[in-house]
Amino acid sequence: MLLQTIRGIVVDNSSGQPIPFANVSILNDLYSGVITDSLGYFTIPHVPVGRYNIKASFVGYEPRIIGEVVLTSAKEAYLEISLKENSQLLEEVVIHANIDKEATVNPLALTGGRVLTVEEASRFAGGFDDPARLVSSFAGVAGGINSNAIVVRGNSPQFTQWRMEGVEIPNPTHYADMTGLGGGLLTGLSSNVLGNSDFYNGAFPAGYTNALGGVFDMSMRNGNRTKHEHAFQVGIWGLDFASEGPISKKHNSSYIFNYRYSFSGISDAISGTDEGLDYQDIAFKVNFPTKRSGTFTLWGIGLLDKVLNKNEEDPAQWEYTSDKQRSDNGFTKAMFGLSHKIYINEETYLKSTLATTYSKVHAIIDQVDNDFKFHRMADMKNSNTDIILTSYINRKFNEKHTNRTGVTFTSLSYDLDFNKSDKPTLYESMKTIATGNGSEYALSAFTNSVVRISNTLDASIGLTGQLFSLNNHWTIEPRAAIRWKLSQAQSFSFAYGLNSIRERLDYYYVKAGDQWVNKELDFSKAHHFSISYSKKLSDNISLKVEPYYQYLYNIPAEPGTSFSTLNYNSYGLDKKLINNGKGRNYGIDLTLERYLKDGWYGMVTGSLFKSEYRGGDKIWRNTRMDQRFIVHALTGKEWTFGKYKHKVLSANIRLTYQGGYRYTPIDYDESGQSQDIEKVDSEAYNLRLPNMFTSDLTLRFRVNKKKVAHEYAFMILNANGFKQTGYVYNLATNSVEKKRSTPLIISLSWKIYF
């Protein structure tokens with residue numbers, strides 16, 4: 001029999017303090033119970049490999065179950081279990097623990113969020129080990145095939161904020177913004193290092209600023225503090241190596257890191273060529289607890305991407321403009337932070353982070369004419385360096401009141417120079433559309449209290465604000481939420497929040513002649529309202545219904561036209577804007593989920609919604625993202641076999657049926673003259689692409705051996721071959737044509753844990 005260890009710590013949900021002498025056990029196993037030590041740590045040794053639900057409980061606290069914990073022969077399981085205090089609980093009162101995936105890592109969030117587990121990211125079909133693709137299965141979220149950009153309740157992907165270890169970061173995705181703002185090909189964060197993280201799609205707690213659509217609040221897990229563990233993976237996408245372990249067992253310090261390199265980059269290095277997609281990334285975290293000076297954490301992420309495409313050399317093969325173009329695109333991103341957490345007393349701690357983020361994009365497009373002379377059609381340079389200092393104090397006044405108050409200062413240094421041709425098909429010379437360099441700062445502050453009014457009623461009340469030095473605009477935003485437990489199995493929640501976001505820096509530096517025309521753009525803002533009803537139909541089946549309404553205003557729009565940044569999806573803006581645009585998103589989301597039990601799980605999510613906007617011409621229209629409906633259905637099954645139950649085969653599938661995105665009718669006469677796609681502005685987004693039906697598949701086979709585990713995986717997106725529809729200008733026929741493509745993303749890999 002193959003045995004392994006489950007370790008972890010039990011802490012108070014509000015104060016973060018360890019809970020000594022708490023009970024921890026494997027559910028339905030009478031002999032597995034252990035007691036946490038004086039520091040809150042527990043160890044359950046000699047557990048057969050498999051999948052388990054872990055229960056933690058302590059007098060005066062609500063018991064909790066952590067579900068779907070995977071235990072393999074080569075890797076220990078480590079859990080951090082937080083319990084909510086309940087002063088009215090009596091020992092003789094029986095309280096049933098439930099698996100609750102609405103319980104976010106952030107204790108200030110009463111509704112509007114869901115925890116993302118690493119186990120789900122590797123299990124759900126269509127997740128592709130990518131948190132962005134994983135959440136596209138959730139209610140109210142739409143995703144794509146060849147991009148991990150997500151649309152949250154009708155909002156543009158660029159309105160979703162990414163955070164790491166409590167700090168806002170650039171989108172940590174390879175080739176981000178290349179095919180559309182807010183998305184890329186795949187995440188730069190491997191599931192080897194990602195910890196449990198929160199995803200929000202509604203009214204956010206007061207600690208989150210500078211976001212309108214959604215928030216990814218991610219974290220990296222700490223490395224194993226007792227033993228060294230490693231993993232190596234080879235697949236058709238490239239190589240992947242991860243390692244973790246103790247730095248000092250005496251002081252409980254640990255490290256974890258992961259490095260990936262694409263096979264295209266390896267083959268280019270061997271062959272001496274550099275055409276195609278090359279990427280590599282690294283992520284690490286080092287954790288240093290001390291006895292009196294608190295805990296220090298050093299973390300970092302780095303991404304390096306390159307895309308080189310060459311033009312078709314035979315003029316007889318020139319069918320589209322892209323056939324005559326060569327491009328050279330480079331992307332660099334780096335994010336580093338030093339965090340410190342120290343307890344002032346048993347109920348109060350201070351957490352501070354000093355971080356820096358760097359991103360650089362340089363995109364070049366050259367186009368050849370009939371005389372084989374190249375003309376530069378685009379040269380876009382953009383580098384940003386942010387230095388961020390954030391700190392908050394968290395105090396648990398008593399079992400009924402917890403407050404968190406903090407401040408964030410961000411120094412933004414930038415150097416941008418955007419040049420492109422208005423009519424590249426006609427070889428019109430480039431012009432500067434945006435340029436600027438310098439340094440500005442953003443300042444934000446918040447306070448948020450969670451109050452337990454009664455044993456069945458919780459309230460969250462907060463206030464946040466931010467200031468942007470570029471034009472000295474500022475905003476104050478209230479946030480509030482209540483959650484009412486109607487019974488042990490059902491609850492009702494309501495949330496409201498005013499949210500705002502500053503624009504991308506290049507939007508402020510759009511030039512018309514010698515003038516910057518957008519320097520005075522104000523914050524874009526939105527009122528969020530959401531209602532949520534949740535019911536546990538059984539111990540492992542839950543139902544959730546969420547109607548919502550979002551009203552957006554102060555949105556940048558172009559005077560006299562239909563243009564609004566709500567729909568913008570290209571890199572390099574060249575328009576004069578004013579804050580007179582509006583928008584509204586409203587609908588209802590439904591989630592029916594069966595948690596993994598007896599080897600299988602299932603989830604069905606559905607959304608009916610409307611997404612509308614008002615551009616600079618003050619006419620209400622459908623937005624680009626107004627798909628009207630989204631339906632996801634996921635299911636999966638695990639089979640365990642072998643003499644010692646050491647082999648596991650799993651099959652997972654996701655089916656998605658959603659409305660097509662909207663598009664603007666084409667002006668065929670104008671297109672013929674410019675040899676490019678020209679649109680009828682007065683009829684913006686009147687048409688809709690065909691509805692999309694896609695299927696995704698994930699197969700995994702794991703073999704546990706003594707101290708080693710092998711895992712073979714096959715993943716495919718769009719397994720049914722759905723054809724996407726688009727429109728392009730055909731140079732050979734001098735006409736606009738409908739073009740259908742079948743994007744497929746396939747991964748085949750072997751991983752060894754040792």
Side-chain angles (χ1 to χ4, degrees), residues 1-9 24 26 41-52 54 66 68-81 117-123 129 165 189-197 218-235 238-261 281-289 295 297-301 644-648 650 700-713 749-754:
M1 181 177 293
L2 299 174
L3 304 176
Q4 191 52 274
T5 300
I6 300 176
R7 301 181 187 272
I9 186 172
V24 182
I26 298 174
Y41 289 104
F42 68 89
T43 300
I44 307 177
H46 312 305
V47 182
V49 297
R51 189 184 289 274
Y52 299 96
I54 309 300
I66 304 298
E68 304 164 0
V69 177
V70 178
L71 199 60
T72 66
S73 59
K75 189 172 183 60
E76 295 181 344
Y78 183 86
L79 308 173
E80 182 170 320
I81 306 174
T117 69
V118 180
E119 190 275 337
E120 288 174 326
S122 61
R123 172 162 50 93
D129 294 335
E165 299 291 330
L189 284 167
S190 168
S191 59
N192 289 323
V193 299
L194 192 65
N196 287 349
S197 305
M218 301 179 295
S219 64
M220 282 188 275
R221 62 183 181 86
N222 293 328
N224 193 317
R225 63 188 180 92
T226 61
K227 63 180 290 190
H228 293 277
E229 297 173 334
H230 316 284
F232 175 76
Q233 177 176 294
V234 58
L239 303 176
D240 190 324
F241 177 71
S243 180
E244 62 180 287
I247 297 175
S248 170
K249 293 183 180 180
K250 179 180 178 181
H251 297 98
N252 291 326
S253 58
S254 64
Y255 75 91
I256 185 171
F257 83 89
N258 190 93
Y259 175 72
R260 296 189 298 188
Y261 194 13
D281 58 59
I282 188 170
F284 69 89
K285 184 177 182 180
V286 183
N287 193 50
F288 292 101
T295 299
T297 303
L298 181 66
W299 56 271
I301 309 168
Y644 301 108
K645 303 293 183 181
H646 66 295
K647 298 179 181 180
V648 181
S650 65
R700 293 184 187 272
F701 179 57
R702 185 170 65 247
V703 180
N704 290 292
K705 296 185 177 182
K706 190 174 182 179
K707 297 184 179 180
V708 174
H710 300 268
E711 185 176 270
Y712 307 87
S749 64
W750 164 70
K751 180 183 285 190
I752 181 171
Y753 299 89
F754 57 97

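Values below: every heavy atom of this structure, side chains too, minus hydrogens, waters and symmetry copies. Computed from a predicted structure; not experimentally measured.
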Find the distance between NE2 (His230) and CZ (Phe754) and round it off to the nearest 0.5 Å. 5.5 Å
Do you know which two heavy atoms are closest between Tyr78 and Gly8, and how far apart they sit? CE1-CA, 3.7 Å
With a 4.5 Å limit on heavy-atom distance, are the side chains of Lys647 and Phe701 in contact? yes
CD of Glu80: more than 12 outside heavy atoms within 6.0 angstrom? no
With rounding to the nearest 0.5 Å, note down the distance linking CG in Asn192 to CZ in Phe257. 10.5 Å
Quick one, Tyr753 and Glu229 - any side-chain contact, counting heavy atoms below 4.5 Å? no
Compare all side-chain heavy atoms of Thr297 with those of Lys285 and state whether any distance is below 4.5 angstrom. yes
Passes side-chain contact (heavy atoms from CB on, under 4.5 Å), Arg123 versus Val70? Steps please. CA-CA 11 Å; Arg123 172 162 50 93; Val70 178; over 6 Å; no
Heavy-atom check, side chain of Met220 versus side chain of Ile256, under 4.5 Å: no
Taking it one step at a time, do Trp750 and His710 satisfy side-chain contact (heavy atoms from CB on, under 4.5 Å)? CA-CA 7 Å; Trp750 164 70; His710 300 268; 3.3 Å; yes
So does Phe232 have more than 12 non-hydrogen atoms from other groups sitting under 6.0 Å from CZ? yes
Between Ser219 (side chain only) and Asn196 (backbone N and O only), is there a donor and an acceptor less than 3.5 Å apart? yes
Carefully, step by step, assess Thr295 and Asn287 under the rule side-chain contact (heavy atoms from CB on, under 4.5 Å). CA-CA 7 Å; Thr295 299; Asn287 193 50; 3.4 Å; yes
Quick one: does Ser254's side chain get under 4.5 Å of Ile247's, heavy atoms only? no
Partner of Glu244 under side-chain hydrogen bond (donor to acceptor under 3.5 Å, both in side chains), chosen from Arg225, His228, Lys227, Arg221: Arg221
I'd like to know if the side chain of Ser248 reaches the main chain of Ser253, judged simply by a donor and an acceptor atom lying under 3.5 Å from each other, with no hydrogens or angles considered. no
Glu711: which of Lys751, Lys75, Arg700 passes salt bridge (charged side-chain N to carboxylate O under 4.0 Å, His left out): Arg700
Mind listing the closest non-hydrogen atom pair of Pro45 and Thr5 along with its distance? CA-OG1, 4.2 Å
Taking Val708's backbone N and O only, do any of them form a donor-acceptor pair with Ser73's side chain (distance below 3.5 Å, no angle check)? yes
Euclidean distance, Phe42 CZ relative to Ile54 CD1, rounded to 0.5 Å: 7.0 Å
If you round to the nearest 0.5 Å, how far is OG1 of Thr226 from CZ of Arg7? 3.5 Å
Donor-acceptor contact below 3.5 Å, side chain Asp240 vs main chain Gln233: no
Does the side chain of Ser190 come within less than 4.5 Å of Arg260's, by heavy atoms? yes
Could you check whether any side-chain heavy atom of Val49 comes within less than 4.5 Å of a side-chain heavy atom of Arg702, counting everything from C-beta outward? no
Between the main-chain N or O of Val47 and the side-chain N or O of Gln4, is there a donor-acceptor pair closer than 3.5 Å? no
Any side-chain heavy atom of Ile6 within less than 4.5 Å of one from Thr43? no
Quick one: OH on Tyr261 to CD1 on Ile282, what's the gap to the nearest 0.5 Å? 13.5 Å
Stepwise side-chain contact (heavy atoms from CB on, under 4.5 Å) test for Tyr52 and Leu71: CA-CA 8 Å; Tyr52 299 96; Leu71 199 60; 4.2 Å; yes
Return the CG to CG distance between Leu2 and Asn704, rounded to the nearest 0.5 Å. 6.5 Å
